[in-house]
Number of protein chains: 2
Amino acid sequence: MARTQGSHSDITGPRVREAALALFARHGFAAVSMRQIASAVGVQAGALYNYTPDKQTLLYDLMRTHMEDLLAAWDSQTPTGGALGALETFTRFHIRFNTRRADAVFVSYMELRNLSPENFEVIEGLRRDYETRLETILRQGAREGVFAVSEPRIASMAVIAMLTGVNTWFREQGRLSLAEVEAIYWEMVRKSVAA
Amino acid sequence: MARTQGSHSDITGPRVREAALALFARHGFAAVSMRQIASAVGVQAGALYNYTPDKQTLLYDLMRTHMEDLLAAWDSQTPTGGALGALETFTRFHIRFNTRRADAVFVSYMELRNLSPENFEVIEGLRRDYETRLETILRQGAREGVFAVSEPRIASMAVIAMLTGVNTWFREQGRLSLAEVEAIYWEMVRKSVAA
DNA sequence: GATTTAACTGAACACACGTTCAAATCAAAG
DNA sequence: CTTTGATTTGAACGTGTGTTCAGTTAAATC
């Protein structure tokens, strides 16, 4: 069992996923060839098949990892201040997490149609899980009387769509800092569901 | 000059665009072949080149037509009731227009990266024009004191992102009617920018 | 009914695709 | 220093790609 430690696969594996994510985000899954990914990593196309059974699974793994990271990151948050505090925590968390992983967010949203039906179901389930986290906050706030939302499920999708929209224009070096963007969106979110 | 009236191109031309739009929306521009489009229309691939110089221009024309239709449709609206009335008109208009043209909206958003730089600039300019329509309403409302928006440009993108998000879940035969959806979103939009 | 010509076919072009696999490579273990 | 086997190469497989174009078809005009 030679080369179990420090073997190239420890390096090449992550690099394949990084290169694939960047290329899929820029050009789209269907427009990127295995040879392009291999070239970005610095290997021949055949070598990629040590790291993924096929192109479709490579995409699926990237999307699943992203969604699981998102859920795990949110679940490690510890909001305080009741439903209102939880909503603020969620708003700021979502903007911060998603702007830092723009490629993964983009791919996970745009390439759903390139997944097999079974893989699609898994990713869609994870997305629903995330939406439910926000829905739960809105539902609780509505019960407590601090929010006025007649349709918590739809409100949660509306808020998430608004927040994810930041990714289409936000640039690290832009006029507004991330903190300022968070503040602007938090004000809009807060008011949009206010009682 | 025979066959100038009732010629097949009057029929085939629109059908090519319809088929391309539906296929691009479902599978993505890069994943759809000219032969697939031709097959959906009922002709051979070569015949498509009577209607478009190439595949890329076909996409561009679909996107440009959609954006121009959107702008023209909005510009034909006659909102009343000041900035608040205009915002309600915009909200309801955007939801109604976009849910009726889900394929075109989807393609116009997802396939921007498949446009040549020059074509991209045109489409992006039209999108900015549309955003400016809403921004103008928000700016006016802020000046009049009926809205509280510190960043009208960003607020307009936030609102549009939220409203366009309806397309990801709304189904004609679903639990909620379009009128109900409009009402839910109008309440959220109104409150989100309320003074 | 002959003429005109828009519309379309069908084959071909050169190239790129995802994937496979025997052979070569080379770092670590003995 | 030899052995081992994980890793990668490089060529090949069959299939599909966007696009071109000489030739065929058929509808409208005279």
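Residue numbers begin at 1 in each chain, while the letters A, B, ... track the order of the sequences. Owing to the predicted nature of the structure, the values given are computational and were not obtained by experimental measurement.
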B/Arg17 versus B/Thr65, side-chain donor and acceptor atoms under 3.5 Å
no
Rounded interatomic separation in angstrom, taking [atom1] from [X] and [atom2] from [N]:
X	N	atom1	atom2	value
A/Gln56	C/dC17	CD	P	18 Å
A/Leu59	C/dG18	CG	P	13 Å
B/Arg15	C/dC8	CZ	C1'	14 Å
B/Met34	C/dG10	CE	P	18 Å
B/Asn114	D/dG18	CG	P	12 Å
A/Leu48	D/dT7	CG	P	14 Å
B/His27	D/dT17	NE2	P	12 Å

Report the relative orientation of the aromatic rings in A/Phe93 and A/Tyr130; use parallel for angles under 30°, tilted for 30 to 60°, perpendicular for over 60°.
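It falls in the tilted class, 30° to 60°.
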[X] side chain, from C-beta outward: closest of [options]:
X	options	answer
B/Tyr51	C/dT19, C/dC8, D/dG18	C/dC8
A/Arg35	D/dT17, D/dT7, C/dC17	C/dC17
A/Tyr49	C/dT19, D/dT20, C/dT9	C/dT19
B/Asp54	D/dT19, C/dT19, D/dT9	D/dT19
B/Gln44	D/dT19, C/dG18, C/dT9	C/dT9

Is any side-chain heavy atom of [Y] closer than 4.5 Å to one of [X]?
X	Y	value
A/Thr89	A/Trp186	no
A/Leu48	A/Lys55	no
A/Glu187	A/Arg190	yes

Is the phosphate of C/dC8 approached by B/Thr12 (side-chain N or O, under 4.0 Å from OP1 or OP2)?
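It does, given that an N or O in the side chain of B/Thr12 lies less than 4.0 Å from OP1 or OP2 of C/dC8.
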A/Ser33 side chain near C/dC17 phosphate (N/O to OP1/OP2, under 4.0 Å):
yes
Using heavy atoms to find the nearest nucleotide of DNA chain C for A/Ala47 and A/Gln36 separately, return the residue whose nucleotide is more 5′.
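Here A/Gln36 is the residue nearer the 5' end.
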Base, sugar-phosphate, or nothing: which does A/Val32 touch, judged by heavy atoms less than 4.0 Å apart?
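Answer is sugar-phosphate: A/Val32 comes under 4.0 Å of backbone atoms only.
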